[in-house]
Structures are given as C-alpha cells and as structure tokens.
Amino acid sequence: MSFPESFMQELKLRNDISDVVSSYVSLKRAGRNMVGLCPFHGEKTPSFTVYPESGSFFCFGCETGGDVITFIMKQENLDYAEAVRFLAQRVGLDVPEGGFDDSMSRLRMRVYEANREAARYFYSALYSPGGRAGLDYFYSRALSDRTIRHFGLGYADDNWTSLCSHLKSKDFSESELVAANLAVRRRDGNGIYDRFTSRVMFPIIDLRGNVIAFGGRILTDEKPKYLNTSDTPVFKKSANLFSLNNAKNSGTRTLILCEGYMDVIAVCQAGIPNAVATLGTALTAEQAMLMKRYSDEVILCYDSDEAGQRATSRAIPILRNAGLNVRVLTIPNGKDPDEFIRSREADGPAAFRALLEKSGNDVEYRLQKLKQNYNTDLPEGRVGYLEEASKILAAIDSPIERDIYASRLCKEFELDKGAFAKQLEKLDKSRFRENRKQENRKLQNEISGRNDKINSDHYKKPRSSSAEEALVIYLINNPDSCSEIQREIKPEQFKNSLMRRFYEYFSERIQNGLDPTTSIAGDFSSDEVSKLYQLQSRMSSVAATESSMREYIKVINEESRRLSKDEIATMSPEALSDYLKTIRMNRQ
C-alpha cells in the first residue's frame, strides 16, 4: 500500500523539483530545462538535467533518473517512506499515519535505535573495570577524556554475548540485531552472539547524527586488526565517511582525507576538525561525490609508507573526477598523522598545521614521485621522464594549469616549448580518439541493449521492445488515450516483461483517475525508475502524434503473433503451415 494520493500530489506540488535539486546542485537554465553537474557521479561537463514541467530529472552520464522523491532517496540515502517524510517536513506537511507499508522504514528505525543503544553500552563499558584495557589503549594514544567523549569511543569486552543480552533486555529482537550487524546468528540457527569482542570501538555517525555502524580495533596481534560493520539497511561502507558529521560544520570548504579512525581523531584533537577517513575500503567515487557536497578541496593525508603512496596515487584521479582540487600532504620519516602529532608532543598541532600549509597540489606530487624513477642527468632519463610527465599534464583539463606546468618543465630541462606542446597535442588527439571509441561503444550497447540488466528483454526482442517502450511513454504523456490503447493492446501481448509491468501499472492508475507517476518511486526499484525516466528523456525530443501511437500498436500486434523458436519446434506440420500462411498475409 502507499500514501494517500491527495497527500502525494500536494507533497510533489509543494516540493518543486527545481527548488529541491538546487539546494544540492548548482543549476543553469537550458531552454525549458535546467542542467548541472551530476551529484551522483563525478563529471566535468554537465549531463544532469532537470525537467520542471514533468517534475523529473535524468543524468545522461550515469543514467540515474526519477522524480523529486527518487532524488532525495539517493541524495540523502533514505528509503521511500523516509524520503516522503523528509520532503513533508521540508514544507511543513503532516504525514498521514497508517495505510501504507513502512516495514522497511520501521526496520531501519530499529537499526538506528539498536546502534545508538550499542554505542551507549560500549562507551559505558570503556569506563567500567572490565574496559580498562580499552581505556589504557586510548590513553596510550594520548587521547583525552574529552576527545573520547566527543567521538563516543567505547569498548567491546571478551564476553561473546554481553551486548546481545543487554540489547535484548531493551526489547530488541534477534532479527533486528542481526540486521544491524551487531550480532551474528549461530551456524546451527540456535541463537546469536556478539559481532564485536575484545576491541576498542569507533561509532560511525551519519550527517543527521544517527549511529549507523561501528569500527572495532583488536588490542592484540590477532587478525583482522580492524573489523567494520558490514552493509546494513542504514549503512553502506562505500558511501559513508568517518567523522564527516564533524567536518561538515568546521567552517571551511577543505577536507583532510586520512587513512584511519585514529588519524582523524588525532588531527581533530589537535584543533583541526575537518578531517575524515574511509571505512575499511579504498576511496570510492561515491565517497568523493559525498566530499564534493561539503568541500571544494581535499588534502590527501595518507601514511607515507609504500601502501599509503599507492593509495594516494589511486585517490587523486577519483577526487579530480569528482571536481575537487587535490593537494597532497607528505609527512616526514614515514609517519602517519597520529604518530607525527604525538612525536612532536606540545609542538605537534602547530607542526602539523605547518605541513598542511606547505602541502603541494597533486600535479606537483605526481611529477615529483615520477622524477624519482629516472636519472635525469642522462639524456635517456630526461626523455623517459618528460614523456611520462607529458601524460600527467595531458590529463589536465584546464589549459592555464597545463601551460604553467609545461613552462616549468621546459625551463627546468631547457626544452623547446613548441616541441613539448606538440607532444601534448599528440596525446590529446590520442585521448580524443579513445574517448570517441568508448562513447561509440557505449552508444552501440545502449541502442542494442546488450548490457542492459534492468531491461534485458530489449536486446532479445529489439523491435517489439522499442515499440512497447515508446507506447508506455506515450501513455504517460497522453493519459486520455488510455481507453483507446487498451482496446487495441492487452498486457499479455507485450514481449518485454518490464514494459508489461509499466503498461499494467500506468493503465490501472489512469483508469482510476490517478496521475500515472505520482507514486512510482515507491512501487518500483530505483533502477527501474531510472530506466523509465531514461526512456522519457530520450523520447522528449520526438513528436508524439496519434499516428505514431498507431504505428507502435501495429508493431506490437505484429510481434505478439510471432512464435518463439521453441514454440515453432514443437508445432505439428499442419499448424506450422497455417502459421507461415498467416505471416505471409500480414506482410502483404
């Protein structure tokens, strides 16, 4: 069941999609529509389009689309019911209670509550006699009680059932604790036990102040050193960052990206609150886009060891592709931020600030690292270095930034700037050809539907699917034609299963006097919604006439009479003869 139709219509009417999206994305007018950089993937050329007339959006880069509810679901990481409540609160609407299925919302709420209670329990356990080992560990890392309290740090004891028993006493069910990944079900299915034991605990808090997950560090040499919450109904580790809830309120548009929890906490205790860290995974594009919402610049502050340098090199293009300026902080003597600050004792915070101020941008860092691989005193070393350096510069989009570094290199190696410019031009042409090939391959795959997992029937039956897709979009845009279309086409004639579901859904809503797409975000998956708005965006420039509608119907009727290979193989000779006669007659 869904929210009342009248409520949903008013919700969408009051939450104009242009206003809502504009609070997250900088939009510019483009005719009747608006465009901007997509908030869901990194891009430098705007491909994210908002259609105010239909109350929808679609990104031609990552092929994400939907209505204002879909947008909030993706942007705020909410489920359908939570997104509706979010938008209702935005405009002061009361949400009708009851009459809709919010079981997933209720589960998410219980997971939030269980996590919050677990965080309280871990914090309390840290200051209990049984938590002394954890408290001593934090003190050994020079953390103050104030810092421990600020981050809500805690301790999971060595009893494999203590947290489960505590949470059960608070009326949480076993299934809720397993869903929160606070507990693990026993192999024989009889009961549960704590996921975290004998570890100091780091609560992970989202931007709205909810405890969504935990990281736990073992105090011995056992492996794994860190254990993190797996993905749950409220947590996706590749799309969240540790301490972003603190960093977003730091008053600066610069974030410091560290490797681990302790680095972030040490930097924060040093009076620098804008540090964040990934959650047991390498940096993802989703995390980079999340950082872009709250910053314009990221300072990479990974460990100085070989693994940290590899992570730095990998992170730079991900951050740049998200539209972020990147600087790299190099800590001397192979230390991490936590070690460096502690090693300088009282001078640690000031010394770390000095390193931040001296940090160079990512181009300088990469050129410096590259130079270490070549003996530039030798001609062949200079050639090798400059050829590889030119590849770094060729990837820079800004012609001014590129020219500055090209001029530096030419001056340093007494190289003719014209020769270096030709090398960059050659690389530009090569990159352009490769990009064109990739675009062509992508376009061919889109047209054929070969890689379309959501609408896989399109590739198998392209002619019927194309007509069915066009008819569904026509029906949405011309609901008054519903009765006529239904007289000509029955749902079972559709060869494409997704289009059949769309056709049945929209036809029923129109017959009942409802707007076709008001509740689509709650009745279909986000991928299915994106597919619908992809089709609608592609067909927005095609004039939809009554004659085109009749052509779609004709094709669907023709294709629905065609038998599959398996059906033909099992036909009797007489039936096969009659079938072939029918096909010949239809072609005449």
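- Of the possible donor and acceptor atoms, one in the side chain of Ser250 sits under 3.5 Å from a partner among the backbone N and O of Ala247.
- Taking each heavy atom of Pro233 and Leu107 in turn, the nearest pair found is CG-CD2, 4.2 Å.
- Every ring-ring contact (aromatic ring centres under 6.0 Å, His included) that Phe71 has, sequence neighbours left out, goes to Tyr24, Phe40, Phe57.
- With sequence neighbours excluded, no residue forms a side chain to side chain donor-acceptor pair (under 3.5 Å) with Asn77.
- Contact between Leu329 and Ser359 at its shortest, heavy atoms only, is CA-CB, 3.9 Å.
- Between the Gln534 side chain and the Glu63 main chain, no donor and acceptor come within less than 3.5 Å of each other.
- Heavy atoms from other residues, nucleotides or ligands lying under 6.0 Å from CG of Asp480 number more than 12.
- Listed for the Thr49 side chain is no donor-acceptor partner under 3.5 Å among the backbone atoms of Val35.
- Nearest heavy-atom pair, Ser47 versus His41, reported as atom, atom and distance to 0.1 Å: OG-CE1, 4.0 Å.
- The one candidate from Glu468, Lys531, Glu469 that meets the side chain to side chain donor-acceptor pair (under 3.5 Å) condition with His458 is Glu469.
- Asp206 places a side-chain N or O within 3.5 Å of a backbone atom of Arg208 that can act as its donor or acceptor partner.
- For residues 315-325, the set of pairs meeting the side-chain hydrogen bond (donor to acceptor under 3.5 Å, both in side chains) definition, not counting sequence neighbours, comprises Arg320-Asp362, Arg320-Glu401.
- Once rounded to the nearest 0.5 Å, the distance linking CD of Gln89 with CZ of Arg85 reads 11.0 Å.
- Counting heavy atoms from C-beta on, the side chains of Thr254 and Leu356 never come closer than 4.5 Å.
- In this structure, the side chain of Arg366 does not engage the main chain of Ile392 through any donor-acceptor pair within 3.5 Å.
- A donor atom on one side chain and an acceptor atom on the other are not found under 3.5 Å apart for Asn478 and Glu546.
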Can you give the donor-acceptor pairs under 3.5 Å from side chains of residues 8-15 to other protein atoms, not counting sequence neighbours?
residue	atom	partner	partner atom	Å
Glu10	OE2	Arg14	NE	3.2
Glu10	OE2	Arg14	NH2	2.6
Lys12	NZ	Asp67	OD2	2.6
Lys12	NZ	Thr517	O	3.2
Lys12	NZ	Thr518	O	3.1
Arg14	NH1	Val91	O	3.3
Asn15	OD1	Arg90	NH1	2.9
Asn15	ND2	Leu11	O	3.0
Asn15	ND2	Leu87	O	3.2

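- Between Val50 and Asn33, the shortest heavy-atom distance links the atoms O-CB, 3.3 Å.
- A donor-acceptor pair under 3.5 Å is absent between the side-chain atoms of Asp403 and the main chain of Pro399, judged by distance alone.
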Criterion side-chain contact (heavy atoms from CB on, under 4.5 Å) on Leu424 and Leu393, from CA distance to verdict: CA-CA 8 Å; Leu424 292 177; Leu393 268 57; 4.0 Å; yes
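- Looking only at side-chain heavy atoms (C-beta outward), Tyr302 and Val328 stay at 4.5 Å or farther from each other.
- In this structure, CD in Glu82 is found 12.5 Å from CD1 in Ile72, a value given to the nearest 0.5 Å.
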What verdict does the side-chain contact (heavy atoms from CB on, under 4.5 Å) test give for Val111 and Phe235, after you've listed the backbone C-alpha separation in whole Å, the side-chain angles of each residue and the deciding distance to 0.1 Å? CA-CA 10 Å; Val111 170; Phe235 175 64; over 6 Å; no
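- In this structure, Arg402 contributes its side chain and Ala394 its backbone to a donor-acceptor pair below 3.5 Å.
- Residues passing the side chain to side chain contact (heavy atoms under 4.5 Å, CB included) test with Ser547, sequence neighbours excluded: Thr545.
- By the 4.5 Å heavy-atom criterion applied to side chains, Ser507 and Leu475 are counted as neighbours.
- Counting heavy atoms from C-beta outward, Gln75 and Pro39 have side chains that approach closer than 4.5 Å.
- Residues that satisfy the side chain to side chain donor-acceptor pair (under 3.5 Å) test with Asp397, not counting sequence neighbours, are Lys44.
- Side-chain atoms of Asn246 never come within 3.5 Å of backbone atoms of Pro273 as a donor-acceptor pair (strictly under, hydrogens ignored).
- Looking only at side-chain heavy atoms (C-beta outward), Leu257 and Cys301 stay at 4.5 Å or farther from each other.
- Counting all heavy atoms, side chain and backbone alike, Leu27 lies closest to Gly36 at CD2-N, 4.0 Å.
- Residue Arg314 comes nearest to Leu283 through the heavy atom pair NH1-O, 2.8 Å, listed as atom of the first residue, atom of the second, then distance.
- Taken to the nearest 0.5 Å, the CG atom of Leu207 stands 8.0 Å off from the CG atom of Asn240.
- Counting only heavy atoms from C-beta outward, the side chains of Asp457 and Ser497 approach each other to under 4.5 Å.
- Environment of CZ in Arg29: crowded, with over 12 heavy atoms of neighbouring residues, nucleotides or ligands closer than 6.0 Å.
- Under the side chain to side chain contact (heavy atoms under 4.5 Å, CB included) criterion, Thr284 pairs with Ser238, Glu286, Gln287, sequence neighbours left out.
- Applying the side chain to side chain donor-acceptor pair (under 3.5 Å) criterion to Ser56, with sequence neighbours excluded, gives Ser54.
- For residues 256-283, every residue pair satisfying the side-chain hydrogen bond (donor to acceptor under 3.5 Å, both in side chains) rule, not counting sequence neighbours, is listed here: Ser144-Gln269, Thr147-Gln269, Asn228-Tyr261.
- In this structure, Lys292 places its NZ atom where more than 12 heavy-atom neighbours from other residues, nucleotides or ligands lie under 6.0 Å away.
- Although no hydrogens or angles enter the test, the distance criterion places a donor-acceptor pair under 3.5 Å between the side chain of Ser313 and the main chain of Gln309.
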Taking it one step at a time, do Ile473 and Leu532 satisfy side-chain contact (heavy atoms from CB on, under 4.5 Å)? CA-CA 8 Å; Ile473 300 303; Leu532 178 73; 4.0 Å; yes
Under the side-chain contact (heavy atoms from CB on, under 4.5 Å) criterion, do Leu300 and Tyr365 qualify, and how do the steps go? CA-CA 11 Å; Leu300 277 166; Tyr365 171 82; over 6 Å; no
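- Remark: Ala275 pairs with Ile256, Cys258, Val264, Val267 by the side chain to side chain contact (heavy atoms under 4.5 Å, CB included) rule, at least two apart or across chains.
- For the side chain to side chain contact (heavy atoms under 4.5 Å, CB included) test, residues two or more places apart in sequence or in another chain that qualify with Glu364 are Asn361, Tyr405, Arg408.
- Contact annotation: the side chain of Ser530 approaches that of Thr64 to within less than 4.5 Å [non-hydrogen atoms, C-beta and beyond].
- Between Thr232 and Asn181, the side chains place no donor N or O within less than 3.5 Å of an acceptor N or O (distance only, hydrogens not considered).
- Using modelled atom types, no side-chain atom of Glu484 and backbone atom of Ser481 make a donor-acceptor pair closer than 3.5 Å.
- Phe524 meets the ring-ring contact (aromatic ring centres under 6.0 Å, His included) test with Phe502, Tyr505; sequence neighbours excluded.
- Between Tyr552 and Ile489 the shortest side-chain heavy-atom distance does not fall below 4.5 Å.
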